[in-house]
Amino acid sequence: MGPETLESLQKQAIAEVLEAYPEKAKKNRAKHLGVDNPEGVKGSCDTTRSNKQTVPGVMSQRGCAYAGSKGVVWGPIKDMIHISHGPIGCGQYSRGGRRNYYIGTTGVDTFVTMNFSTDFNEKDIVFGGDKKLKKALEEIDELFPLNNGISIQSECPIGLIGDDIQAVAKVHKKETGHQTVAVSCEGFRGVSQSLGHHIANDMIRDHVMPDTSHRKDFDSTDYDVAIIGDYNIGGDAWSTRLILEEMGLRVIAQWSGDATYKELAIAPKAKLNLLHCYRSMNYISRHMEQEFGIPWMEYNFFGPSKTTESLRKIASFFDENIQAKTEATIAKYTAMTDAVIAKYRPMLEGKKVMLYVGGLRPRHVIGAYEDLGMEVIGTGYEFGHGDDYKRTKEDLGRSTLIYDDANEYELEEFVKKLRPDLVAAGVKEKYVFQKMGLPFRQMHSWDYSGPYHGYDAFAIFAKDMDLAMNSPVWNHTKAPWDKEVEGA
């Protein structure tokens with residue numbers, strides 16, 4: 001399919017989807033959909049409307065502010081206990097689903113996969129839960145004495161009934177001397193989990209950054225870096241750390257996958273902050289730049305091309321010694337990744353992919369697919385902002401359908417019209433498209449696979465895409481358009 005044909009098909013798909021809406025909804029959704037290409041002209045990546053309230057009644061793929069704070073930013077910090085203040089459901093749903101790997105003894109010195117909740121009931125809603133929360137904090141310190149702090153993650157009812165979690169946290173911290181952070185991240189705040197990221201970043205800024213106790217005796221080197229916004233899904237942060245150390249850098253902190261409270265506190269000692277998930281952690285990176293003078297850069301370790309590009313950019317911040325080691329590291333892995341491409345590219349060459357994920361993946365994974373010869377023809381963010389879309393344009397390889405906060409109807413119709421060979425999105429979409437007879441990869445937590453970051457991990461990524469695309473199971477089911485041809 002030529003570029004002009006693809007672009008016209010994408011525009012036609014948008015027009016057909018919009019025709020199904022009432023006039024007001026049509027006008028609203030038209031601002032969130034478009035087509036862009038790598039050429040320098042101003043396109044949809046520059047104009048797509050984003051970070052706006054979802055149309056009421058529409059099945060959105062977004063999460064809430066509580067999910068952004070507890071599920072993304074605070075939850076993976078392994079030696080702190082994160083208690084959900086509210087009914088049990090939110091705490092259970094946000095427990096362990098993102099596969100944030102960590103090292104430690106669960107229940108003794110690490111607590112990531114445990115569910116701590118004040119378990120609200122009707123009585124608590126009517127009379128308030130401040131006393132219940134205070135009692136829960138006391139029980140935590142009694143039962144889990146090796147915890148290095150507590151964060152209180154508020155759910156929707158807390159903002160409605162007015163529990164003063166900040167006051168409770170302040171009293172508990174004064175009585176025990178333990179770090180206790182109250183995060184007002186009620187799910188109804190904002191338009192998506194993105195506000196939860198921001199709130200969580202602000203609480204780290206206000207409560208962790210001022211804590212200098214761990215920085216006083218810390219011995220810095222000229223090669224100290226911090227990994228920011230990598231949540232160690234499937235071991236991603238570990239594979240990233242290995243490459244950085246191989247090129248001669250010392251990773252003093254990784255936020256927040258497999259992180260300790262101390263790592264958060266000593267991050268201002270880094271010489272460079274390496275930002276993986278821009279959307280969820282750019283706020284604290286900007287703060288550390290302003291407050292401590294630490295530069296930051298966004299990096300991309302998906303696929304060998306982007307990994308190599310990022311390594312050289314990182315090395316440019318340091319001396320010739322680091323730059324030489326970086327080139328040696330790149331050379332070491334080139335033969336391996338070339339072999340991976342030689343093995344899998346012939347089976348994946350020319351296959352079309354549509355992406356719909358959160359955070360950074362709608363743009364970061366494009367290069368990894370292209371390293372395998374696959375073509376991304378559609379991408380979009382669940383909770384992206386304008387600067388996310390502008391960054392996406394740099395990674396486009398061809399005419400690409402752009403969609404923001406797409407609902408299930410739009411995704412299904414776009415897929416039926418563009419007929420991709422693979423859909424890579426979240427768990428909510430997984431079974432919809434598999435039942436349509438389409439290969440699918442769950443790109444929020446790697447479909448129980450991973451890691452996907454770095455050179456070694458590219459072999460896992462390539463194998464997973466091949467398994468998804470070329471599994472014999474697809475011989476026993478057909479996509480809707482194939483069925484239409486048969487019945488014609």
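Source: prediction; values computed, not measured.
Ala270 and Ile252 get closest at one heavy-atom pair: N-CD1, 3.6 Å. Among all heavy-atom pairs drawn from Asp404 and Arg49, the shortest one is OD2-O, 3.2 Å. Residue Tyr261 comes nearest to Asp79 through the heavy atom pair N-OD1, 2.9 Å, listed as atom of the first residue, atom of the second, then distance. Nearest heavy-atom pair across Gln193 and Gly63 is OE1-N, 2.6 Å.
Classification of Arg205 and Asp202 as a salt-bridged pair holds, one side-chain N sitting under 4.0 Å from a carboxylate O. Ionic pairing of Lys428 and Glu382 is not present here: no N-O contact between side-chain nitrogen and carboxylate oxygen is shorter than 4.0 angstrom. With respect to Lys390 and Asp46, no salt bridge is recorded, no charged nitrogen being found less than 4.0 Å from a carboxylate O. Under a 4.0 Å N-O distance rule, the pair Lys393/Asp36 qualifies as a salt bridge. Look at Asp395 and Lys306 and you find a salt bridge, because one of the NZ, NE, NH1 or NH2 atoms lies within 4.0 Å of a carboxylate O, short of that distance. Taking 4.0 Å as the cut-off between side-chain N and carboxylate O, Arg391 and Glu298 count as a salt-bridged pair. The pair Asp109-Lys78 does not meet the salt-bridge criterion, since no charged nitrogen lies less than 4.0 angstrom from a carboxylate oxygen. A salt bridge does not link Lys52 to Asp405: none of the charged nitrogens lies less than 4.0 Å from a carboxylate oxygen.
Ring centroid separation for the pair Phe414 and Tyr356 does not come in under the 6.0 Å cut-off. For an aromatic pair to be called close, the ring centres must be under 6.0 Å apart, and Phe302 with Trp446 satisfies this.
For Asp388 (side chain) and His385 (main-chain N/O), a donor-acceptor pair under 3.5 Å exists by modelled atom type. Between the side chain of Asp163 and the main chain of Ile165, no donor-acceptor pair closer than 3.5 Å is present. Panel note: side chain Gln442, backbone His444; a donor-acceptor pair is recorded below 3.5 Å.
Annotation: side chain to side chain donor-acceptor pair (under 3.5 Å) contacts involving residues 313-325, sequence neighbours excluded, comprise Tyr223-Asp319.
When side chains are defined from C-beta on, Lys134 counts as touching Val171, because their heavy atoms get closer than 4.5 Å. Counting heavy atoms from C-beta outward, Asn300 and Arg363 have side chains that stay 4.5 Å or more apart. In this structure the side chain of Lys463 never reaches within 4.5 angstrom of the side chain of Ser449, judged on heavy atoms. The side-chain heavy atoms of Tyr278 and His364, taken from C-beta on, include no pair separated by under 4.5 Å. Side-chain contact check for Ile204 versus Trp74: some heavy-atom pair is nearer than 4.5 Å. Looking at Gln166 and Ser184, their side chains come closer than 4.5 Å, going by heavy atoms from C-beta outward. The side-chain heavy atoms of Val225 and Phe318, taken from C-beta on, include a pair separated by under 4.5 Å. Contact annotation: the side chain of Ile77 never approaches that of Trp255 to less than 4.5 Å [non-hydrogen atoms, C-beta and beyond].
Side chains of His276 and Asp236: no donor on one and acceptor on the other come within 3.5 Å. Residues Asn273 and Ser285 have side chains that never bring a donor and an acceptor to within less than 3.5 angstrom of each other. Side-chain polar atoms of Tyr389 and Ser50 form no donor-acceptor pair below 3.5 angstrom.
A 6.0 Å sphere centred on CZ of Phe218 holds more than 12 heavy atoms belonging to other residues, nucleotides or ligands.
Between Trp238 and Tyr101, the angle of the ring planes lies from 30° to 60°, which puts this pair in the tilted group. In this pair, Tyr452 and Phe461 present their aromatic rings perpendicular. The plane angle is above 60°, beyond the 30 to 60° band.
A distance of 10.0 Å separates OG1 in Thr105 from CZ in Phe111, rounded to the nearest 0.5 Å.
Tyr455 is linked by a ring pair (Phe, Tyr, Trp, His ring centres under 6.0 Å) to Tyr333, counting only residues two or more places apart in sequence or in another chain.
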- Message: Pair Lys430, Asp447 - check salt bridge (charged side-chain N to carboxylate O under 4.0 Å, His left out), show working.
- Response: CA-CA 10 Å; Lys430 178 176 180 177; Asp447 246 342; 2.8 Å; yes

